Amino acid sequence: MARALIGWVLVRHSAAGTTSGRIVETEAYPVGDPASHAFRGETARNRVMFGQPFHAYVYRIYGRYWCFNVTSEPRGVGAGVLVRALEPLEGIDLMRKRRGVEPVRLLCSGPARLAQALDIDRSLDGRDLLADPEIELLPPRQATGPIGSSRRIGLTAAAHRLLRFYERGSPYVSGPRRLSR
DNA sequence: AAGAAGATTCGCT
DNA sequence: GCGAATCTTCTTA
């Protein structure tokens, strides 16, 4: 599913306006993965991961940022996909205002950056991404380019597995340019 | 009740 | 490349 989500469009409707972007980078956190928040069972934080698929799992990281995930398994099974980067589509000036930076390439190229650009926080945790009025996930509108995979970023546990997926050559992928090749 | 670690980003060297 | 920022969550005592 992490691979399949490349090219889908994440749309955020808020009072300030609409922002959206094409998903160009994801990471999978499957069942049995020691790096997954769901690995040690259900808790107050990760409870959404054990609910229905295609719902938003939003958590705080390092005390200052938010990360957005798409749940991926049926009720009772804890797993999800971290959305790591978007190619900005709508609301670019609003994203600039929220992020405090100008270059389009820096607006959504990282999990916490895209959450800030789309004003995603804990209030969206648990939302149905196929039916919610404020945040929605739409199928690809255009052809998706070739997809690459690599080890995941920033992890200590199970870092060797090829569970990161990205659109090859996209300038909107997180990290240094080599990560998009 | 206290402490350590964390799916990151940014600024400075 | 390195360290700080900053706080929630989970683990251990």
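Every chain is numbered from 1, with letters handed out A, B, ... down the list of sequences. If you're wondering where the values come from, they're calculated on a predicted model, not measured in any experiment.
- The nucleotide whose nearest atom lies closest to any side-chain atom of A:Arg40 is, among C:dT11, B:dT8, C:dC10, C:dT11.
- Taking atom CG of residue A:Asp125 and atom C1' of nucleotide C:dT8, one finds them 13 Å apart after rounding to whole Å.
- Listed for the A:Ser180 side chain is no donor-acceptor partner under 3.5 Å among the backbone atoms of A:Pro171.
- In this structure, A:His37 does not reach the C:dT9 phosphate: none of its side-chain N or O atoms is under 4.0 Å from OP1 or OP2.
- Considering only side-chain N and O atoms, A:Arg164 lies nowhere under 4.0 angstrom from the phosphate OP1 or OP2 of B:dA7.
- Projected onto DNA chain C by closest heavy-atom contact, A:Tyr62 and A:Asn46 fall at different nucleotides, the more 5' of which corresponds to A:Tyr62.
- Put simply, the side chain of A:Asp125 gets close to the backbone of A:Val58: a donor and an acceptor are under 3.5 Å apart.
- Here the two rings, on A:His37 and A:Tyr59, have centers that are under 6.0 Å apart.
- Nucleotides C:dA4 and B:dA4 are separated by 16 Å at their P atoms, to the nearest Å.
- The interatomic distance linking A:Asn69 (CG) with B:dT8 (C1') rounds to 14 Å, in whole Å.
- Protein atom CZ of A:Arg161 is 14 Å distant from nucleotide atom C1' of B:dA7, rounded to whole Å.
- Nearest nucleotide to the side chain of A:Arg60, out of C:dC7, B:dA7, B:dC10: C:dC7.
- Going from atom OH of A:Tyr65 over to atom P of B:dT8 covers 11 Å, rounded to whole Å.
- In this structure, the nucleotide among B:dA7, B:dT9, C:dT9 sitting nearest to the side chain of A:Arg99 is B:dT9.
- Of the residues near DNA chain C, A:Arg122 and A:Arg64, the one whose nearest nucleotide (by heavy atom distance) lies more toward the 5' end is A:Arg64.
- Taking atom CD1 on A:Ile153 and atom P on B:dG6, their separation rounds to 17 Å, with Å as the unit.
- A donor-acceptor distance shorter than 3.5 angstrom exists from the side chain of A:Ser20 to the backbone of A:Glu90, with no hydrogens or angles considered.
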request  = Could you go through the side-chain hydrogen bond (donor to acceptor under 3.5 Å, both in side chains) check for A:Arg113 and A:Ser109 one step at a time?
outcome  = CA-CA 6 Å; A:Arg113 287 172 172 172; A:Ser109 56; 3.1 Å; yes
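- Residue A:Trp66 contributes atom CH2, which lies 8 Å from atom P of C:dT9 at whole-angstrom precision.
- Listed candidates were B:dA7, C:dC7, C:dT9. Nearest to the side chain of A:Tyr59 is B:dA7.
- The partner of B:dG6, taking Watson-Crick or G-U wobble pairs whose two distances both stay under 3.5 Å, is C:dC7.
- Taking the side chain of A:Ile61 as heavy atoms from C-beta on, and the options B:dT9, C:dT9, B:dA7, the nearest nucleotide is B:dA7.
- Atom C1' of nucleotide B:dA7 and atom CD of A:Glu25 are separated by 11 Å, given to the nearest angstrom.
- A:Ala112 comes within contact range of the sugar-phosphate backbone alone, with a heavy-atom separation under 4.0 Å but no base atom that close.
- The separation between A:Arg105 atom CZ and B:dC10 atom C1' is 14 Å, rounded to whole Å.
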